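Order of the sequence lines fixes the chain letters, A, B, ..., with proteins taken first and strands second; residue numbering starts at 1 for each chain. Quick caveat: nothing in here was measured; it's all calculated off a predicted structure.
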Protein chains: 2
Amino acid sequence: MTTERTDATALADSIRHAGLRVTEPRVAVLGVLENESHIEAERVFRAVLPLVPGTSVQAVHGILAAFTQAGLVRRIEPAHSPALYERRVGDNHHHVVCTGCGAVEDVDCTVGHSPCLTPSSSGGFQIQTAEVTFWGLCPACQAAVPA
Amino acid sequence: MTTERTDATALADSIRHAGLRVTEPRVAVLGVLENESHIEAERVFRAVLPLVPGTSVQAVHGILAAFTQAGLVRRIEPAHSPALYERRVGDNHHHVVCTGCGAVEDVDCTVGHSPCLTPSSSGGFQIQTAEVTFWGLCPACQAAVPA
DNA sequence: GGGCTTGTTTTGAATAACTCAAAATAACTG
DNA sequence: CAGTTATTTTGAGTTATTCAAAACAAGCCC
């Protein structure tokens with residue numbers, strides 16, 4: 001077996017193909033993002049540190065910013081939460097955030113993209129994208145706070 | 001004429017009816033929010049300071065938090081922006097944010113509330129609200145960056 | 001395969017936007 | 001008007017992130 005999680009080579013290729021130089025911390029960061037979705041910079045840092053000792057939080061922020069700009073990852077910023085990064089990219093999917101514990105899950109747009117992308121009065125704005133965030137209770141929190 | 005902008009008495013009444021004590025800084029803050037929509041705490045502070053000298057930024061944050069909790073104002077947190085407060089409340093309307101200058105405008109939900117409130121796979125979440133943010137270029141920025 | 005150029009990361013500091021807490025103060029209740 | 005309790009001031013602290021200079025290392029060239 002040459003594949004442990006997502007082969008480091010595959011990660012390196014993604015990075016290279018995005019036009020970025022391949023470095024140890026970058027491979028590690030991308031690896032973390034493959035395994036965990038909707039993760040914040042601080043947690044990425046803590047996951048990367050043991051893999052690549054000496055990595056700094058600032059580097060992680062820089063890497064995540066570079067990845068985001070290169071389209072390798074997507075950055076979302078739900079209210080009351082630090083920025084979260086996810087590997088799933090290229091499809092404009094949406095998110096549900098638990099009002100209890102902050103857990104985040106992906107949500108596919110119900111109705112194609114049309115309804116969301118056509119506000120009734122756009123006030124002259126030239127709309128590019130629509131971002132939908134659903135707020136509600138996750139299963140675990142529903143159980144914790146019955147009714 | 002007894003009405004200058006929104007009568008201070010009317011503002012005081014709103015505050016009292018929300019179950020809060022009426023104080024000078026609170027009336028001033030609410031007054032600012034009546035005149036300007038989608039305004040950030042810092043700017044509220046700068047607008048209130050000359051009206052009620054001695055007001056602190058922390059007080060403004062506290063007031064805005066109290067107002068938000070009491071349902072007097074709504075707080076939104078678009079990505080890449082500090083929290084914004086608006087007086088329009090009680091109807092779940094949405095927002096367009098200009099990707100150029102950050103200007104924010106209200107947008108009424110196109111299709112009632114249904115489509116937005118019914119994600120295809122809610123992953124077991126008990127959805128309470130849906131928040132939609134449109135991103136695009138405002139008229140001014142369209143003019144600035146032709147084609 | 002060693003040097004070079006340029007992109008990355010480290011190191012160290014700074015910032016923005018809030019939040020927390022204790023003491024002073026002022027609204028409403030009676 | 002006095003008392004109780006909510007609010008605000010004052011002062012400090014935090015979180016999440018950004019900036020900048022110097023050290024470092026990838027990938028290209030020969």
Side-chain angles (χ1 to χ4, degrees), chain A residues 8-9 11-30 32 38-49 51-70 72-73 75-85 102 104, chain B residues 8-9 11-30 32 38-70 72-73 75-85 102:
Chain A
T9 310
L11 296 174
D13 283 350
S14 305
I15 296 172
R16 212 187 319 274
H17 289 151
L20 296 171
R21 286 196 184 166
V22 176
T23 67
E24 264 209 277
R26 283 185 175 176
V27 172
V29 166
L30 197 55
V32 169
H38 313 119
I39 178 171
E40 56 202 69
E42 179 65 30
R43 286 186 52 218
V44 172
F45 168 66
R46 285 207 296 270
V48 165
L49 195 50
L51 304 177
V52 187
T55 306
S56 66
V57 209
Q58 293 91 319
V60 171
H61 276 287
I63 291 168
L64 290 170
F67 282 2
T68 303
Q69 177 154 340
L72 273 180
V73 309
R75 173 190 171 117
I76 60 173
E77 297 182 43
H80 313 119
S81 159
L84 302 176
Y85 298 86
V104 177
Chain B
T9 310
L11 295 174
D13 283 349
S14 305
I15 295 171
R16 211 185 321 274
H17 289 152
L20 296 171
R21 285 194 185 168
V22 176
T23 68
E24 263 209 279
R26 283 185 173 175
V27 174
V29 166
L30 198 56
V32 168
H38 314 118
I39 180 172
E40 56 201 71
E42 178 64 29
R43 286 186 52 218
V44 172
F45 168 66
R46 285 208 297 270
V48 165
L49 194 50
L51 304 176
V52 187
T55 306
S56 66
V57 207
Q58 293 91 319
V60 172
H61 277 289
I63 291 168
L64 290 170
F67 281 2
T68 303
Q69 178 154 337
L72 273 181
V73 307
R75 173 191 172 118
I76 60 173
E77 297 182 43
H80 314 117
S81 160
L84 301 177
Y85 297 86

Exercise. Looking across every strand, which nucleic acid part, if any, lies under 4.0 Å from A/Arg43 by heavy atom: base, sugar-phosphate, or nothing?
Worked result: nothing

Seminar exercise, completed: B/Ile63 atom CD1 is separated from C/dA17 atom P, nearest whole Å, by 19 Å

Problem set entry | With A/Ala83 via side chain to side chain contact (heavy atoms under 4.5 Å, CB included) - residues at least two apart | A/Arg75, A/Glu77, A/Tyr85

Seminar exercise, completed: Between CZ of B/Arg26 and P of C/dA26 the distance, given in whole Å, is 15 Å

What pairs of nitrogen or oxygen atoms, one from the protein and one from nucleotides 4-6 of chain C, lie under 3.5 Å apart?
residue	atom	partner	partner atom	Å
C/dT6	O2	A/Arg21	NH1	3.2
C/dT6	O2	A/Arg21	NH2	3.3

Exercise. So what is the end-to-end bend of the helix from C/dG1-D/dC30 to C/dG30-D/dC1, with 5 pairs used at each end and the value given to 10 degrees?
Worked result: 40°

For this session: Please figure out whether B/Ala41 or B/Glu24 has its closest DNA chain C nucleotide nearer the 5' end.
Result: B/Ala41

Problem set entry | Atom-to-atom span, CG of A/Leu51 to P of C/dT9 - whole angstrom | 15 Å

For this session: Mind checking side chain to side chain donor-acceptor pair (under 3.5 Å) for B/Ser81 and listing every partner two or more places apart, or none if nothing turns up?
Result: none

Exercise. Which whole-number value in Å describes the distance from B/His80 NE2 to C/dA17 P?
Worked result: 13 Å

Problem set entry | Touch class at under 4.0 angstrom, heavy-atom based, for B/Ala66 against every strand present | nothing

Problem set entry | Atom pair CG (B/Leu20) and CD1 (B/Ile63), whose distance is rounded to the nearest 0.5 Å | 10.0 Å

Exercise. Do you know which two heavy atoms are closest between B/Leu51 and B/Ala28, and how far apart they sit?
Worked result: CD1-CB, 4.4 Å

For this session: List the atom of B/Ile15, the atom of B/Leu30, and the distance in Å for their closest heavy-atom pair.
Result: CG1-CD2, 3.8 Å

Exercise. Which two nucleotides bound the region of DNA chain D that has atoms under 4.0 Å from heavy atoms of chain A, read 5' to 3'?
Worked result: D/dA16 to D/dG27

For this session: Could you state the atom-to-atom distance from CG of A/Leu49 to C1' of C/dT9 in whole Å?
Result: 14 Å

Problem set entry | Integer-rounded Å distance: C/dT9 C1' and A/Phe67 CZ | 13 Å

Exercise. Listed by chain and number, what are the side chain to side chain contact (heavy atoms under 4.5 Å, CB included) partners of A/Ala65, not counting sequence neighbours?
Worked result: none

Exercise. Can you list every pair that meets side chain to side chain donor-acceptor pair (under 3.5 Å) and has a residue in residues 16-28 of chain B, with sequence neighbours left out?
Worked result: none

Exercise. Between C/dT19 atom P and B/Leu64 atom CG, what is the distance in whole Å?
Worked result: 10 Å

For this session: Using a heavy-atom cut-off of under 4.0 Å over every strand shown, decide if A/Ala83 touches base, sugar-phosphate, or nothing.
Result: sugar-phosphate

For this session: To the nearest Å, give me how far apart CZ (B/Arg46) and P (C/dA16) are.
Result: 11 Å

Problem set entry | Over all atoms of both residues, closest heavy-atom pair of B/Leu49 and B/Gly54 | CD1-N, 3.9 Å

Problem set entry | Pairs involving residues 42-62 of chain B, ordered by first then second residue, that meet side chain to side chain donor-acceptor pair (under 3.5 Å) (sequence neighbours left out) | B/Glu36-B/Arg43, B/Glu42-B/Arg46

Between the protein and nucleotides 10-12 of chain C, list every N/O to N/O distance that falls short of 3.5 Å.
residue	atom	partner	partner atom	Å
C/dT10	OP1	A/Gly54	O	2.8
C/dT10	OP2	A/Ser56	N	3.2
C/dT10	OP2	A/Ser56	OG	3.1
C/dG12	N7	A/Gln58	NE2	3.3
C/dG12	O6	A/Gln58	NE2	3.0

Seminar exercise, completed: dist B/Ile76:CD1 -> B/Thr68:OG1 (nearest 0.5 Å) comes out at 11.5 Å

For this session: Quick one: closest heavy-atom pair of A/Pro78 and A/Leu84, and the distance?
Result: CG-CD1, 4.0 Å

Exercise. Of the non-hydrogen atoms in B/Val32 and B/Ala47, which two are nearest, and what is the gap between them?
Worked result: CG2-CB, 3.7 Å

